[in-house]
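Right, one structure below, let's go through it.
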Amino acid sequence: MLKIYNTLSKQKEIFHPIDADKIGIYVCGMTVYDYCHMGHARVLVMFDVITRHLRRCFPKVEYVRNITDIDDKIIARAIENKEDIYSLTNRFIDAMHEDERALGVLPPDIEPRATDAMEQMFYMVKSLIEQGMAYQASNGDVYYSVRKFAAYGKLSGKNLDDLEAGARVDVNSDKKDPLDFVLWKMAKTGEPSWASPWGHGRPGWHIECSAMSTHHLGNHFDIHGGGMDLSFPHHENEIAQSEGANGGTFVNTWMHVGFVNINDEKMSKSLNNFFTIRGVLENYDGETLRYFMMSSHYRSPLNFSDDNLNLAKTSLTRLYTAIRGLSAGSAATDEVSQRFDFETRFSAALDDDFNTPIALSILFELAKFINSKRDKDIDQAQALAQLLIKLGGYIGILQLQADVFLKHTPNNTDAGLSDAAIDAKIKQRNEARANQDFATSDRIRDELTREGIILEDGSDGTSWRRK
RNA sequence: GGCCGGAUAGCAAAGUGGUUAUGCAGGAGCCUGCAAAGCUUUAUAGACCAGUUCGAUUCUGGUUCCGGCCUCCA
């Protein structure tokens, strides 16, 4: 029984799909004018975990994640670079896809772009104007009349009068109410623009998501998500637009992923304390990054630091060490895995609002069993290793050959000793050991240790891994 | 000012009204030529103050501190 925390009700709810044969989920994606940072990575990874689990729970899941490829920052950056907005956005869309693959994130089913959704936005804005919920101001911009939507504030728990009292500057005199937000912006000279019923211009930020989500998933769909910072005003405005234009409920379940923090402060572009995914990938592999993201619950803050990343790497190393040498073989269910209900408990953890820390803890239990069985009952160890790999696969980890993970260099470059050179050293060392020449064998091991190579002598020979 | 979260052992991070979270690090032991890995075992918690209860880290109220949103942001 799947339970999801709904921002709308501020509590965990049993998830009741609108149509159990087809789940619709929409996630607000990136604004593509720069490389993705760790905050984006968290949203990418967590909604990947979420959709992977949903796909196991339901026969069909339609996962839509948009790309915002037109907005003020994109225009500003394109002007700065003296480049066309499409060449800018295409470049960063490619970079985003590259980052996504490195993190083991599966592509969404549909990835619509704002610039392809103009007609759908026009349709929605028209509907809002016709119903008197939006108006074109004297400067030509079209605004949403927030006061016309009685339920405004239901997602963020905000009260219009409190908002107004606390509203900071930027009061646009063309707005009827300072809280009104823009649906369509008139183009200034030199700006990219689209012909619309209200003149040449471009869409406001919020309308694209209302238009694209309802276009692909219908006026009423199951889940809408994004980063915590989108709940207000972005998602609040989406509700106002979609429910204002179409009537009825827009989305049943709203999900928000917590922030990535640096020294307990939000990582953000405006604070300029962000780390890009590709920057971090120079020192840590994608799977370690992914594990790090899953090591805390998706709604909790996640503190980004080398210590925590290294912890993730060590943890993942333990899991891969458990399956090393055992990955081949049949996946027979065995008495131990049944007795301890690993798979049931693993799924139950994910069913409980996608509790990845619990799910991971079950993988460690499994690893412990494998380690304690491998010398006594290889078949059972084999079967448990298969199960560990299978459960890991449910959340997108442990799909490499153990040795590939354990021997890789941080950024998969060929720094330091080659594998062949390491094997040669190990051979020399083992010859020395066979001759009881421990001074030589220890010297070789020390040499390798300095190169970041750790040796492990086992009953079936010496294996190695990179630190 | 308004509205939300959070405070768990050395670090990271969950569940839970009474019984081992889990990972890393630490102690002891086994294994090993010695290590590493692994196994066994062990110590170290629940910001503070009240209340409810036979019993609270878990529920309620208050205090303090931290973070977020109210402005573009995942």
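Protein chains get the first letters and strands the later ones, always in sequence-line order, with residue 1 at the start of each.
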Mind checking if [X] touches a base, just sugar-phosphate, or nothing, with heavy atoms under 4.0 Å?
X       : value
R433(A) : base
I454(A) : sugar-phosphate
G29(A)  : sugar-phosphate
V27(A)  : nothing
N355(A) : sugar-phosphate
D442(A) : base
R429(A) : base
D229(A) : base
G39(A)  : base
S296(A) : sugar-phosphate
H297(A) : sugar-phosphate
R445(A) : base

Would you indicate which nucleotide in [options] comes nearest to any side-chain atom of [X]?
X       : options                : value
S372(A) : G33(B), C39(B), C70(B) : C39(B)
K158(A) : C69(B), A74(B), G23(B) : C69(B)
R324(A) : A37(B), G38(B), A14(B) : A37(B)

Item to check | Whether F438(A) stacks on the six-membered ring of G33(B) base, 5.5 Å and 30° limits | outcome: yes

With a cut-off of less than 4.0 Å, is there a side-chain N or O of [X] near OP1 or OP2 of [N]?
X       : N      : answer
K266(A) : C69(B) : yes
R318(A) : C39(B) : yes
N371(A) : C39(B) : yes
K368(A) : U40(B) : yes
S300(A) : A14(B) : yes

Which value, in whole Å, describes the distance between the [atom1] atoms of nucleotides [N] and [M]?
N      : M      : atom1 : result
U71(B) : U16(B) : P     : 36 Å
U8(B)  : A14(B) : C1'   : 10 Å
A74(B) : U22(B) : C1'   : 28 Å
U44(B) : C39(B) : C1'   : 22 Å
A47(B) : G10(B) : P     : 13 Å
A21(B) : G46(B) : C1'   : 14 Å
C65(B) : C72(B) : P     : 30 Å
C49(B) : U40(B) : C1'   : 42 Å

Checklist entry - Do K266(A) and D229(A) come within less than 4.5 Å of each other through their side chains, counting heavy atoms only? => result yes

Item to check | Beyond-backbone contact of F47(A) with R65(A), side-chain heavy atoms, under 4.5 angstrom | outcome: no

Checklist outcome for this item: Taken to the nearest whole Å, CD/Q380(A) to P/C39(B) is 15 Å

Item to check | Residue closer to the 5' end of RNA chain B, D457(A) versus L311(A) (nearest nucleotide) | outcome: L311(A)

Checklist entry - When the nearest nucleotide of RNA chain B is assigned to L360(A) and to E456(A) on a heavy-atom basis, which residue is associated with the more 5' position? => result L360(A)

Next on the checklist: Could you check whether R345(A) and S361(A), counting side-chain N and O atoms only, form a donor-acceptor pair closer than 3.5 Å?
Outcome noted: no

Next on the checklist: Tell me if the aromatic rings of Y35(A) and F92(A) count as close, with their centers under 6.0 Å from one another.
Outcome noted: yes

Next on the checklist: Tell me whether the NZ or CZ atom of R299(A) lies within the 45° cone about the ring axis of Y5(A) and under 6.0 Å from its centre.
Outcome noted: yes

Item to check | Option passing ring-ring contact (aromatic ring centres under 6.0 Å, His included) with F250(A) (candidates F149(A), Y26(A), F221(A)) | outcome: F221(A)

Item to check | Audit row: E208(A), T68(A), side-chain hydrogen bond (donor to acceptor under 3.5 Å, both in side chains) steps and yes/no | outcome: CA-CA 8 Å; E208(A) 60 171 271; T68(A) 298; 2.8 Å; yes

